[in-house]
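Notes to accompany the following structure.
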Amino acid sequence: SPLSSPLLSPLSSLLSPPPLSSLPMPSGHGLTHSPRSTGIVITKEPECASVPAGCPVTLQCSAIGPTALHYQWFEGKEEIAGATQSVLLIDAEKSGVYVCRVNNEQNQCVFSNWAKVKVHFIKSELPQNWRGELVIGLQPESRRVKVGQRASLKCVAFGIPAPLYQWYKNGMQLPHQNKREVTIAATEMEHQGSYLCAVTNNRGQECWSSAADITVVENIGVTVSLPSLRVKGSCEWKAAGKSTPVRLNPATNQDARLCATDKVALLIGNMSYVNHPRLVATMMDVFELSNLLQQLDFRVVSLLDLTKEEMQSAVKQFLQLLDNGVYALFYYAGHGYESSGRNYMVPVNAPNPYNPGSCINVQKILCKMQEKNTALNVILLDMCRKWYNQDYLPSDLQPLAPTGNIVYGYATCEDAEAYEVQDGERSSGIFMKYLKKHILKKEKVTQILENVSEDMGKDRLITGKQVMEIRHTLKERRALTDEVCASGYTAQLQVRNERWSLANELPTRKTIHFPCGVEIELSCSAVFSNVMTIYVNIKAKPSQVSECKVSLQRPKEFSDSISDLVGDSSRIDSLLSSLDDNHQSDTVLKLCGLHRLKQPLILQMTLRYQSCKEKPTLEEIVDVNLGLPLVAQLELYRTMAAARVEGATGSYNQVSSVASTSTITKDASRACWPRNRKAPSKQEVVHSARQARRANEPEENDEREMSKWSS
């Protein structure tokens with residue numbers, strides 16, 4: 001060993017590591033060990049580590065100097081025998097602090113920084129081929145405590161370099177709570193909430209713990225009168241004495257099982273914009289979320305491509321389905337923006353530039369939902385939140401009541417955009433891509449969204465562009481998987497059953513008889529509440545008919561809103577076909593925009609056939625009455641506001657000659673490139689982004705119509 005030479009033998013006895021209480025380099029008992037005077041420069045400091053027991057740890061200290069350098073490692077103030085290399089391998093059996101001394105041949109030295117190796121004795125396995133990246137080994141667990149009791153939550157993470165901790169409550173950072181454990185000496189009701197721990201290191205890595213709830217309860221004094229007692233050996237009754245106050249412990253989680261009196265969801269996806277860039281993924285997003293919510297026993301109404309008046313009408317019908325104890329979920333996918341802390345959804349017929357008077361205020365919807373005494377209100381906004389015209393004075397907005405049952409899930413943070421991956425039939429919004437992975441889990445709804453946020457944070461496609469935001473006041477562990485318990489609410493449930501069934505009633509299967517003897521079977525299916533697919537199959541034909549073919553004529557008063565607006569209608573048809581079941585049919589007709597249907601749907605069916613005796617093609621026509629299918633029965637047009645947005649078309653179906661430059665085209669080389677869900681102005685397509693932002697600022701706010709929704 002270099003330190004055992006006669007020249008350097010006094011060095012180990014004269015120099016000891018820097019004191020544990022002071023990390024700056026010591027004076028060295030009279031020996032100069034400043035890098036400036038010795039010429040020794042440490043180029044790599046040993047890093048602190050946090051590992052489970054038994055995990056091998058490698059500490060490294062590298063240095064350069066004018067002469068040959070020698071190393072000596074210390075554990076605390078004790079020299080480690082034989083540890084004279086730049087690398088020290090430790091079998092972490094206990095926690096310890098380590099430092100390395102680097103000296104030259106002139107008996108000059110410097111010390112490295114202290115490296116603390118924290119060993120945790122917890123049962124947790126590291127990933128295979130672990131190289132020191134952050135891993136949470138111990139998740140915080142929810143606590144239920146009484147007022148005045150001590151409560152603590154603990155999170156333990158492994159990592160090299162050692163992790164740094166920061167605790168959050170209900171999404172807000174807790175000052176000075178930057179240790180593994182957060183402790184409340186005496187809990188009060190204000191300490192109740194959902195807690196998370198963010199774990200980071202000095203390499204920029206980050207991970208989040210699971211959410212843990214602290215529930216604070218009070219003992220309730222209940223006076224219980226004990227029953228009279230029969231005196232043994234007699235027929236007399238004797239009072240048991242005075243009423244005795246008895247302390248009843250609060251119900252446990254198992255006893256106080258949370259449930260909903262019903263579950264109702266309204267999903268709106270806008271894609272076929274008249275004056276703004278069209279979207280593709282909203283259709284698939286609404287379809288997938290609808291299927292998932294139905295698995296959770298939600299009554300789902302899903303609508304595509306609504307004008308402002310139609311959105312207002314749909315919300316009004318949605319509010320009528322809400323009542324005491326109902327779980328309500330509202331989801332919107334499409335263009336949007338934020339102004340003065342308020343979120344606005346952009347209808348398909350919004351003018352360019354759009355303004356608050358032509359858009360829908362989300363906070364107004366939530367106020368109306370809260371008035372229904374629902375048990376849970378979930379708002380999921382898959383849209384942009386770019387700030388526009390922040391200087392205008394908004395109209396009065398009623399503050400939300402402190403009901404503790406509101407959950408906001410924003411696909412992106414403030415003044416940022418939300419993206420969708422456009423890839424034909426596989427198109428999907430980034431937010432929905434990860435939401436569908438977690439929504440069926442039996443976890444608190446806020447935890448579901450936290451999991452989604454973590455997954456989105458790992459998506460390199462949107463790094464630096466889109467970060468999910470969660471806001472909530474949820475005071476109970478309510479989950480979307482909670483059961484429906486309608487006991488005591490059967491009357492309200494029956495009313496909702498009747499009203500909800502109207503929006504989901506399809507025409508019955510029919511057999512059509514033509515005069516020539518051909519029998520046609522007609523059936524219908526729905527993937528959305530305002531989109532229906534009609535299937536026609538030839539079931540039987542007489543022997544005298546050699547060939548026959550049936551076709552369906554779209555009613556003149558009923559247009560395919562999607563196909564008429566989008567230049568590449570074949571793509572939309574392909575998307576709808578991919579959503580439908582694999583029906584084997586001779587003829588298929590897709591009808592979109594059923595919510596605009598004012599009269600019973602009369603379908604014209606044409607049969608063309610050839611007789612064995614006659615070569616010319618013959619034709620027979622039959623009209624089939626399909627009534628008012630699906631959402632058409634709700635007659636949304638009757639609840640629409642009479643006033644029309646100035647500059648917007650009366651019906652956006654009338655506008656079919658949209659500039660081809662604004663249509664969405666599929667580029668194979670960039671099939672999975674994200675597209676934002678903000679609604680830029682026409683100038684943005686041609687001019688610079690700065691010009692577009694000025695042209696796209698909303699005008700003066702006008703939200704008076706929204707107050708009529710609950711009437």
Side-chain angles (χ1 to χ4, degrees), residues 136 138-156 165-177 179-198 208-222 246-261 263 324-329 370 373-379 400-409 438 441-454 470-485:
I136 294 183
L138 180 65
Q139 297 282 3
E141 297 181 354
S142 297
R143 295 284 185 266
R144 189 180 182 90
V145 296
K146 300 176 182 179
V147 172
Q149 286 186 333
R150 181 180 182 274
S152 63
L153 300 173
K154 188 174 183 180
C155 174
V156 175
Y165 300 86
Q166 176 60 57
W167 286 89
Y168 291 77
K169 176 191 173 187
N170 294 338
M172 302 297 294
Q173 181 175 319
L174 293 174
H176 313 300
Q177 297 298 335
K179 296 183 179 180
R180 292 188 301 272
E181 188 171 4
V182 58
T183 302
I184 304 171
T187 56
E188 301 292 340
M189 295 303 297
E190 64 185 27
H191 295 129
Q192 183 167 277
S194 180
Y195 291 76
L196 284 168
C197 185
W208 289 76
S209 72
S210 300
D213 294 337
I214 290 183
T215 303
V216 183
V217 296
E218 293 181 302
N219 284 337
I220 303 174
V222 181
V246 179
R247 290 286 182 182
L248 299 181
N249 291 327
T252 63
N253 289 336
Q254 291 75 16
D255 297 331
R257 182 169 57 91
L258 297 175
C259 62
T261 58
K263 299 180 183 179
N324 292 335
V326 173
Y327 284 14
L329 185 145
Q370 201 175 46
N373 296 323
T374 48
L376 176 65
N377 292 315
V378 179
I379 303 288
L400 297 174
T403 53
N405 63 351
I406 297 173
V407 178
Y408 269 109
H438 298 282
K441 296 179 181 178
K442 293 184 178 181
E443 295 180 339
K444 186 178 178 181
V445 61
T446 51
Q447 180 59 50
I448 294 293
L449 296 179
E450 292 286 355
N451 296 339
V452 175
S453 178
E454 287 186 18
I470 305 167
R471 298 180 185 177
H472 75 91
T473 61
L474 195 58
K475 63 183 180 181
E476 299 173 306
R477 293 189 59 83
R478 295 196 178 269
L480 298 180
T481 55
D482 291 344
E483 296 180 359
V484 175
C485 307

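Computed from a predicted model, the values in this text were never measured in an experiment.
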In this structure, are over 12 heavy atoms from other groups packed under 6.0 Å from K169 atom NZ?
-> yes
When rounded to the nearest 0.5 Å, the distance separating CD1 of I448 from OG1 of T481 is 7.5 Å
Does any non-hydrogen side-chain atom of K154 lie less than 4.5 Å from one of S152?
-> no
In Å and rounded to the nearest 0.5 Å, what is the CG to CG distance from L329 to N377?
-> 9.5 Å
Note, T261 side chain near N324 side chain (heavy atom, < 4.5 Å) | no
Crowded around K441 NZ? As in, over 12 foreign heavy atoms under 6.0 Å?
-> yes
Kindly write out the residues that satisfy side chain to side chain contact (heavy atoms under 4.5 Å, CB included) with Q447, not counting sequence neighbours, or none if the list is empty.
-> S210, A211, E443, K444, E450, N451
With distance as the sole test, does W167 use its side chain to make a donor-acceptor pair with the main-chain N or O of H176 at under 3.5 Å?
-> no
Non-neighbouring partners of E188 that pass side chain to side chain contact (heavy atoms under 4.5 Å, CB included), sequence neighbours left out | V147, E190, H191
Q177 side chain to Y165 backbone, donor-acceptor under 3.5 Å = no
Quick one: do C155 and I136 satisfy side chain to side chain contact (heavy atoms under 4.5 Å, CB included)? Show the steps, please.
-> CA-CA 7 Å; C155 174; I136 294 183; 4.2 Å; yes
Just by modelled atom types, is the L196 backbone N or O under 3.5 Å from a matching donor or acceptor in the S209 side chain?
-> no
Partners of E141 by salt bridge (Lys or Arg N to Asp or Glu O under 4.0 Å), sequence neighbours excluded?
-> R143
Enter the distance from I379:CD1 to I406:CD1 here, rounded to the nearest 0.5 Å.
-> 8.5 Å
Identify the heavy atoms of Y327 and A479 that sit nearest to each other, and give their distance.
-> CE2-O, 3.3 Å
Just by distance, do the side chain of K263 and the backbone of D482 share a donor-acceptor pair under 3.5 Å?
-> yes
Are the side chains of L480 and L376 in touch, meaning some heavy atoms are under 4.5 Å apart?
-> yes
Are T215 and Q192 close enough that some pair of their side-chain heavy atoms sits under 4.5 Å apart?
-> yes
Value for CD1 (I470) from OH (Y408), rounded to nearest 0.5 Å, stands at 14.5 Å
For the atom pair CD (Q166) and CH2 (W208), what is the distance rounded to the nearest 0.5 Å?
-> 8.5 Å
N405 side chain near R478 side chain, heavy-atom distance below 4.5 Å | no
Exam field: side chain S142 to backbone D213, donor-acceptor pair closer than 3.5 Å | yes
Output yes when a side-chain donor or acceptor of T187 lies under 3.5 Å from a complementary backbone atom of Q149, and no otherwise.
-> yes
Taking every heavy atom of G409 against every heavy atom of L449, the minimum-distance pair comes out as CA-CD1, 4.0 Å
